[in-house]
Amino acid sequence: MQFKKNPVFPARFMWGASSAAWQVEGAVNEDGRTPAIIDLNSKTKKGYADNSIASDHYHHYKKDVHLMKEAGFTSYRFSIAWSRIYPDDSGVVNQLGLDFYNNLIDELVKNGIEPIVTLYHYDMPVWVDKKYNGWYGRGIIAAFDQYARTCFKEFGDRVKYWLSINEQNMQICYGKWLGVCKKDDTWFEDQWKVNNIMNVCHAKAVIACHELVENGKIGPVPGYVPIYPETCKPEDQIAAQNAEELTEKVWNDFYAHQKYNGFIKAYWRENDIDPDIRPEDLDDFSKAKIDFFGVNCYRSNTAKYAASDAEPKDYILNKSGEKGNLQFPVVPGIYALTSNPFVKTTDWDWEIDPIAMRYSLRYIWDHYQLPMVITENGYGAHEEVSEDGRVHDPERVAFMRDQIFQVGRAIQDGCEVIGYNPWSFTDLLSTGNGMSKRYGLVFINTTDNDVRDLSRIPKDSYYWYSNLIKSNGQNWGEESNGKL
């Protein structure tokens with residue numbers, strides 16, 4: 001539908017930004033925290049900084065919250081580091097870990113900022129990985145349940161919005177890249193056993209939240225990348241549907257309907273895959289009714305038909321930050337992703353497609369009729385401080401303006417969207433590109449090779465976003481580029 005007026009955002013719309021513990025906190029060996037597998041994974045990204053220091057939010061959280069308050073934030077989405085809470089298998093809670101998150105949460109609440117907390121954002125403790133074989137072993141279920149229940153009991157009096165597992169679909173689809181895969185040669189079958197165990201842990205968290213947090217709400221955080229057919233050929237349309245099923249819809253259907261959909265069951269049968277689903281799993285699934293969806297949406301993809309004898313190709317992400325280094329995947333007989341000539345791309349070959357945001361929100365709302373909060377959406381770029389002492393990021397301002405405008409259009413379309421929390425508040429460690437790929441509204445004065453002084457410098461996008469927030473989405477700074 002085409003609207004005559006600009007969007008109007010709800011009166012209590014949550015405006016904020018996002019981060020993740022392992023990417024922002026640093027202090028990996030302080031106050032009892034023990035290593036996480038993502039710490040080890042970050043050290044494999046040669047040429048980039050690891051997460052030992054990151055943005056040093058652990059020591060600068062009061063300054064960071066002050067900047068959020070100055071910008072007018074009413075929400076902040078962050079994650080808890082599991083190994084700060086349970087640093088070993090003794091079952092003894094680390095009080096210093098609890099103290100840090102209590103202090104952060106208190107600082108947010110004191111400044112009128114709603115905490116939105118992710119329980120798991122890629123940072124499994126190494127001790128869990130060793131003792132239970134990570135996500136491969138069912139022993140992790142009880143350990144995760146204990147961790148989640150501790151978080152709900154300790155923080156649930158002030159934290160009412162919870163997120164279970166960040167981008168579970170991406171951890172399965174890109175398990176080799178994110179360090180979830182342990183055996184390359186059997187990952188095709190193993191990934192669905194791993195996924196089922198993750199689903200049980202998600203369900204345990206949902207059940208525990210509803211038991212322990214008064215008025216608590218909890219949801220999943222899928223990574224959502226809408227996939228368009230390359231042409232109007234019917235085969236391309238089916239390929240696009242196949243790609244959406246196997247990269248996101250299987251997970252979203254499970255979260256909303258609390259059971260596996262027909263497509264994935266047929267896929268398992270066709271490929272002789274046993275995901276090891278047990279009766280007690282089904283019982284947990286049936287009790288795990290989510291309250292909302294977190295939505296991580298940065299871009300879109302395009303798919304076309306792939307013949308059964310096509311050469312298979314893995315998705316090879318652009319690690320260099322120079323355009324043209326991404327390899328699209330080919331899954332013979334199912335789909336092939338391809339470039340979209342109708343959208344521009346970032347230096348990392350990610351599609352810049354604001355309408356994908358509106359598409360995603362409408363798709364999720366139409367399918368599941370559950371409230372949504374944007375938990376990630378951002379523009380990664382190479383950036384440095386200018387001679388005038390400021391950080392000018394007009395591309396990010398344009399990106400955010402167009403994306404938020406389309407969030408507003410989705411609300412006009414009838415979708416229930418309760419907040420926008422882009423990635424990220426400060427610059428932080430990128431999953432694969434260290435400090436070189438900057439997403440923040442606030443510049444952190446550090447690089448992959450030089451820690452510098454870690455000072456905080458608000459970028460132009462920070463000030464633009466602050467003006468938009470304080471007008472509840474009415475002061476666009478200049479005419480919106482939204483056209484639909």
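Residue numbers count from 1 along this sequence. Just the heavy atoms: all of them, side chains too, but no hydrogens, waters or symmetry mates, feed the values below.
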From CA spacing to verdict: side chain to side chain donor-acceptor pair (under 3.5 Å), Y86, T150: CA-CA 10 Å; Y86 283 103; T150 297; 2.7 Å; yes

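Applying the side chain to side chain donor-acceptor pair (under 3.5 Å) rule to S42 yields the partners N51; only residues at least two apart in sequence or on another chain are considered. Taking the side chain to side chain donor-acceptor pair (under 3.5 Å) definition, one finds that Y132 meets it with nothing, sequence neighbours left out. A search for side chain to side chain contact (heavy atoms under 4.5 Å, CB included) contacts involving N133 returns Y136, K182, not counting sequence neighbours. Every residue was checked against the ring pair (Phe, Tyr, Trp, His ring centres under 6.0 Å) condition with Y335, not counting sequence neighbours, and none meets it. In this structure R158 satisfies the side chain to side chain donor-acceptor pair (under 3.5 Å) test together with N102, D106, sequence neighbours excluded. Contacts of S79 classified as side chain to side chain contact (heavy atoms under 4.5 Å, CB included), with partners at least two apart in sequence or in another chain: A20, A21, T118, H121. Applying the side chain to side chain contact (heavy atoms under 4.5 Å, CB included) criterion to A27, with sequence neighbours excluded, gives E30, Y58, H59, R84. For D50, the salt bridge (Lys or Arg N to Asp or Glu O under 4.0 Å) criterion is met by K43, not counting sequence neighbours. Residues passing the ring pair (Phe, Tyr, Trp, His ring centres under 6.0 Å) test with Y101, sequence neighbours excluded: none.
Pairs passing the salt bridge (Lys or Arg N to Asp or Glu O under 4.0 Å) check and including a residue from residues 342-353, sequence neighbours excluded, read R299-E351. Sorted by first and then second residue, the pairs that involve residues 321-332 and meet side chain to side chain donor-acceptor pair (under 3.5 Å), not counting sequence neighbours, are S320-N325. Among residues at least two apart or in separate chains, ring-ring contact (aromatic ring centres under 6.0 Å, His included) pairs with a member in residues 233-257 are W192-W251, H202-Y255, F254-Y260, F254-F285, H257-Y368.
The pair R452-E384 meets the salt-bridge criterion, with a side-chain N (NZ, NE, NH1 or NH2) lying under 4.0 Å from an Asp/Glu carboxylate O. Under the 4.0 Å criterion applied to side-chain N and carboxylate O atoms, R278 and D276 are assigned as salt-bridge partners.
F188 and Y267 make their closest contact through CE1-OH, 3.3 Å (heavy atoms, listed as atom of the first residue, atom of the second, distance).
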